[in-house]
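Atom set for the values below is all heavy atoms of this structure, side chains included, hydrogens, waters and symmetry mates excluded. We name chains A, B, ... by the order of the sequence lines, and we start the count at 1 in each one.
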Amino acid sequence: MALRLHDTLTGEKRDFEPLEPGKVKMYVCGVTPYDKSHLGHARCYVAWDVVYRYLRHSGYAVTYVRNFTDVDDKIIARANERGMDPLALAQENIDFFYADMDALGIARPDVEPRVSGTIDEIIAMVQRLESNGIAYAVDGDVYYEVDAFKDYGKLSKRPLDEMKAGARVEVDTRKRNPMDFALWKSAKPGEPTWDSPWGPGRPGWHIECSAMSTCHLGETFDIHAGGRDLIFPHHENEIAQSEGATGQRYVNYWLHNGFINIDDEKMSKSLGNFFTIADIRERYTATTLRYFLMTARHYRGPINFSDAMLEEAAGRVAYFYDTLQTVEAFLDGSDDLPHFTGPLPHQDVIDTFEARFTEAMDDDFSVPRAMEPVHEAFRALNELANTRKAKRKAAAATAAAQLLAKVRKVDAVLNLFGHDPAEYLQGHRLMAAARAGLSPAWIDERLEARRAARAAKLWDEADAVRDELAAKGVVIMDRPNGQTDWAIEERAAEGAEASDAGDGEG
RNA sequence: GGCGACGUAGCCAAGUGGUAAGGCAGAGGUCUGCAAAACCUCCAUUCACCAGUUCAAAUCUGGUCGUCGCCUCCA
């Protein structure tokens, strides 16, 4: 089955046909690094990371470009507040960005251009627009003349005449149309500037993406992606700039991801429902966040975010790693088992796994559906790893090894299962304990007390300790090897939070 | 006002004409000193509401109600 993509421009899903067979050129709008990255960024870049990985997994040679808009009004304003160099502020936030992205398992793009390194190309493109008669200079500023581009509004489906009526921007009388936007801004005090044919100044917003994408991918390329909010004006203007400059079709497939909502409302600083990625990472593993963002919803839909949802995701990821740990232990001694050749248990799961995964992903990257065979595989892995009867063990080990290999293969796309299980689970436990307000040292002390009681076969005493832990939300598991593991019941964290107010501090 | 998205079980959510995936929670069972975990079984005659097209609709058409987003910086 062929890969099908939903294209915002046509509003339809259609077969993906790259410009060059076997190759994909994709561009994703990156961040404006004026502050730390937030949950919305995480959602966006996780989504496109999966797309990037899936394209590669499907055998395409992908060139993935993601920019940094490091010259921008907000960066300049923030840098001036803090009395520092704008590019230094941008670099500081780029470092934070990388820390978050790396933790989330997001692959680095192939090229990461910055505005500050693309000034020459930007100036060249503005000149090209000027000579094409769709840009005009006024007092050192250069504006894009929207009336000179007949397709203006085709992406956001907003005819120009309607936009004029609704335009709320204060009218700059130097503009020929209120919708005209700046390609080049003349120098103002306290701003970084570059020399240009129009005098010293800096690029406007929008032109940088046209210039950077064209410069690294060519005048026409396959995929351009970004958040829904960028459809207008950013991507609309990119089309106007690039197609206005080159006369060529700019992009073949426009992909846009949905937003993060908090309690059904858009996350925003003004509403006070704003989370940075770092905020979440203090409380949950980055893998939990990645899993949640990838699987909660198809990439185009909105995701409603809440602690309860994250708790569920955390529990599910812990289940995956618990399973991996169990299976790896089970397979550890399996080399000694007799070679097995008969029909395998869960043969249907093994046989259909990849086709089901691929079919879902081919349908506009439907990760939620692609997870169905993954869930099924983990259930089968657990069943196999719990095989007790010696007779069945060889068959079970063979089946488990095959299934595990399949899971590992699609994890090149999901990038969820690559941690060491024991390390992951330990990290998960500590974070869960912290969320529930419990001390791991106290838990260990209680477990030691229970171990002593059990050794003496003082069952009532041992059970009392277990009940005491359970009352706090700590559940324990006696393993066959004599060890006792513990976990925080997912609901405990909510309970602890709810009782916070009443408890007071100390 | 213009443009757009969405409304599926207690919760999250997949599913664009052929008779409701998956996950969480819940119930019962297997296992276990007792538990927990894991596994097995069960859990929507129905897809906001109304009308229509069709042999057949959650899926198509029209209307109603409700929620949200964009139109200004924003992933």
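Between the P atoms of B:G15 and B:A9, the separation comes to 16 Å (whole Å).
Donor-acceptor pairing under 3.5 Å, judged by distance alone, is absent between the side chain of A:N304 and the base of B:C11. At a cut-off of 3.5 angstrom, the base of B:G15 holds no donor-acceptor pair with the side chain of A:R369.
Minimum atom distance to the side chain of A:R297 is reached by B:A14, of the listed B:G23, B:A35, B:A14. Of all nucleotides listed (B:G15, B:C11, B:G33), B:G33 comes nearest to the side chain of A:W459.
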Using the 3.5 Å cut-off, write out each protein N or O paired with an N or O of nucleotides 17-20 of chain B and the distance between them.
none

Atom pairs under 3.5 Å, N or O on each side, protein against nucleotides 66-70 of chain B: can you list them with distances?
{"residue": "B:C70", "atom": "OP1", "partner": "A:K266", "partner atom": "NZ", "Å": "2.2"}
{"residue": "B:C70", "atom": "O2'", "partner": "A:R158", "partner atom": "NH2", "Å": "3.4"}

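Residues A:N386 and A:G227 each lie close to RNA chain B; by heavy-atom proximity, the contact nearer the 5' end of the strand is made by A:N386.
Within residues 320-327 of chain A, the residues approached by RNA chain B to less than 4.0 Å at the level of any non-hydrogen atom are A:D322, in residue-number order.
Aromatic ring orientation, A:F378 versus A:F417: tilted (interplanar angle from 30° to 60°).
The partner of B:U64, taking Watson-Crick or G-U wobble pairs whose two distances both stay under 3.5 Å, is B:A48.
Looking only at distances, no side-chain donor or acceptor of A:K74 sits under 3.5 Å from a matching main-chain atom of A:Y34.
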